[in-house]
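Quick note on labels: first sequence line is chain A, next is B, and so on, each numbered from 1. As the structure is a computational prediction, the values presented were derived from the model and not from experiment. Side chains are part of it too, since the values below use all heavy atoms of this structure and drop only hydrogens, waters and symmetry mates.
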Amino acid sequence: MNLDEKVKLISRNAVELITLEELRNKLISGEKLKGYLGFEPSGLFHIGWLIWALKYRDLVNSGIEMYLLQATWHAWINDKLGGDLNLIRAAANHVISVLKNVGIDVSRIKVVDAEELISDKDYWSILIKVAKSISLARVKRALTIMGRKSEEGETDFSKLIYPLMQVTDIFYLDLDVALGGLDQRKAHMLARDVAEKLGFKKPIAIHTPLLTSLQGASRMDAKEELDETLSDAKMSKSRPESAIFITDPDEAIRNKVMNAFCPPKQTEFNPILEIAKYIMFYEEPKEFIIERPSKYGGPLEVTTYRELEAIYVSGSLHPLDLKSTVAKYLIDFIRPIRENVLKDSEDLISKISSYISR
RNA sequence: CCCGCCGUAGCUCAGCGGUAGAGCGCCCGGCUGUAGUGUGGGGGCGCGGUUACCGGGUGGUCGGGGGUUCGAAUCCCCCCGGCGGGACCA
């Protein structure tokens, strides 16, 4: 793989890459790059996470030495799964199981548990150095979670430690690249802000897009939808269709897609089009056949997302036909993963599910 | 990563094209003469020097580098540092 091919692989389908120049320079220098993604085990794997999972796979394949951080303590701070560390660990194993089945060669990556980090006093030494180098206002600004919840009620103090831990994770692991959904931007930028002053590597930040909720309102990312649907029973009952889980059976996937928000001709905040873009067409060209009764124009075939978007925007592709086609391909995509994951970790899933449903 | 504000004496800041300033601090002196000390006690004298006050003095790569100008702390560009805000959604 030459330089341009590597850069293309690393940057494809990312919302942003900060900065491209730094990435190129590091690649040119020939040094072995280390990267990571930290995930919060918070319940069942949903398809929004597939986007970063696919990106993670790209980075592994590009030759970057990738770490995968199971952010169990972080999940504890965020009260995921009721703050039960045993459940959180089960959820972490479930995520690893999914990643294996998405085609990530687990033998090529280094899985790190937050437990390992926090048991080393060097970790806490870095955390305090980071804390000393920034103001309280700056930490608060790096907090994604705070915004909405603080309007509703009190936020406990542990939440302030969260961004510090994210920054410390990056420095402790001595990383060149930090990967995450766009919701991780604040933490990554904080790390970039203080890195040089403290003598650590300034991480290149790669952000993947977030999927719009199937209901169209907000985003299907870990911080909002999953948290609310999984850890909040009320939400789960009132909004059962907001996310598609990797463990959903075929019919559930089809129902969720068919019931989803999908405004005609519109690309913005259109979850179905986004699924097509980021999952179906993650790799192009791709054979994408829209089967359609002849009275609505008959079957159509496209090979790139750009073509699909063009015919959708023009109005010649009806949302119903888009939905049924996306449902079909999504089912095909998820089925093998689901089957293996269920085989792999059924006990974990039932543990997590039982928490959710109780 | 993006935007904004700031960077001038040790400190807080003013000055914003025409001789680099103020307050505070610091140093010296005056006034005062406490505690302590030279003594066993007291006085005197000396040492010492608190607080306030008075007088005098000390203060600078105007963050760095370029540029414009007869002339730059001041205007323009780049960089560094501090702070604040933004950054899909809320």
For [X] and [N], give me the distance from atom [atom1] to atom [atom2], rounded to whole Å.
{"X": "R185(A)", "N": "rC89(B)", "atom1": "CZ", "atom2": "P", "value": "13 Å"}
{"X": "Q184(A)", "N": "rC88(B)", "atom1": "CD", "atom2": "C1'", "value": "13 Å"}
{"X": "L190(A)", "N": "rG84(B)", "atom1": "CG", "atom2": "C1'", "value": "14 Å"}
{"X": "R141(A)", "N": "rC3(B)", "atom1": "CZ", "atom2": "P", "value": "14 Å"}
{"X": "Q215(A)", "N": "rC89(B)", "atom1": "CD", "atom2": "P", "value": "18 Å"}
{"X": "H188(A)", "N": "rC1(B)", "atom1": "NE2", "atom2": "P", "value": "15 Å"}
{"X": "K186(A)", "N": "rG84(B)", "atom1": "NZ", "atom2": "C1'", "value": "14 Å"}
{"X": "K277(A)", "N": "rC88(B)", "atom1": "NZ", "atom2": "C1'", "value": "13 Å"}

Partner nucleotide of [N] by Watson-Crick or wobble geometry (both distances under 3.5 Å):
{"N": "rC13(B)", "answer": "rG21(B)"}
{"N": "rG55(B)", "answer": "rC28(B)"}
{"N": "rG86(B)", "answer": "rC1(B)"}
{"N": "rG7(B)", "answer": "rC80(B)"}
{"N": "rG42(B)", "answer": "none"}

- [ ] Report yes if the distance between the aromatic ring centroids of F281(A) and F288(A) is under 6.0 Å, otherwise no.
- [x] yes
Task: Aromatic contact, Y67(A) with Y36(A) (centres under 6.0 Å) - done: no
Open item on the list: Applying the side-chain contact (heavy atoms from CB on, under 4.5 Å) criterion to L117(A), which one of L173(A), L127(A), I126(A), T168(A) satisfies it?
Closed with: L173(A)
Open item on the list: Between R138(A) and L182(A), which residue's closest nucleotide on RNA chain B lies nearer the 5′ terminus?
Closed with: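 Of the two residues, R138(A) wins.
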Open item on the list: By nearest heavy atom, map A137(A) and D193(A) onto RNA chain B; which one lands nearer the 5' end?
Closed with: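 Its nearest nucleotide being more 5', the pick is D193(A).
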Distance, [atom1] atom - from [M] to [N], rounded to whole angstrom:
{"N": "rG25(B)", "M": "rC78(B)", "atom1": "P", "answer": "42 Å"}
{"N": "rC6(B)", "M": "rC16(B)", "atom1": "P", "answer": "14 Å"}
{"N": "rG41(B)", "M": "rC27(B)", "atom1": "C1'", "answer": "40 Å"}
{"N": "rC11(B)", "M": "rG55(B)", "atom1": "P", "answer": "27 Å"}
{"N": "rG18(B)", "M": "rG71(B)", "atom1": "P", "answer": "15 Å"}
{"N": "rG36(B)", "M": "rG44(B)", "atom1": "P", "answer": "15 Å"}
{"N": "rG17(B)", "M": "rG23(B)", "atom1": "C1'", "answer": "27 Å"}
{"N": "rA73(B)", "M": "rG21(B)", "atom1": "P", "answer": "13 Å"}

Open item on the list: Can you see if the side chain of K202(A) gets near the phosphate of rC1(B) - specifically, an N or O under 4.0 Å from OP1 or OP2?
Closed with: yes
Open item on the list: Is the phosphate of rG82(B) approached by K197(A) (side-chain N or O, under 4.0 Å from OP1 or OP2)?
Closed with: yes
Task: Option among K110(A), K32(A), K34(A) that satisfies the salt bridge (charged side-chain N to carboxylate O under 4.0 Å, His left out) test with E65(A) - done: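 Output: one option passes, namely K110(A).
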TODO: To the nearest 0.5 Å, tell me how far E268(A) CD sits from E274(A) CD.
DONE: 9.5 Å
- [ ] Please step through side chain to side chain donor-acceptor pair (under 3.5 Å) for the pair Y162(A) and Q166(A), ending with a clear verdict.
- [x] CA-CA 6 Å; Y162(A) 194 98; Q166(A) 292 186 90; 4.7 Å; no
- [ ] When you get a sec, tell me which of rC88(B), rC83(B), rA87(B) is the closest nucleotide to the side chain of S135(A)?
- [x]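 Of rC88(B), rC83(B), rA87(B), rC83(B) is nearest to the side chain of S135(A).
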Open item on the list: Grouping I, L, V, M, F, W and Y whenever their side-chain heavy atoms are under 4.5 Å apart, do V130(A) and I161(A) come out in a common cluster?
Closed with: yes
- [ ] Tell me what I18(A) touches on the nucleic acid: a base, only sugar-phosphate, or nothing, going by heavy atoms under 4.0 Å.
- [x]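 If one applies the 4.0 Å heavy-atom cut-off, I18(A) turns out to touch the sugar-phosphate alone, with no base involved.
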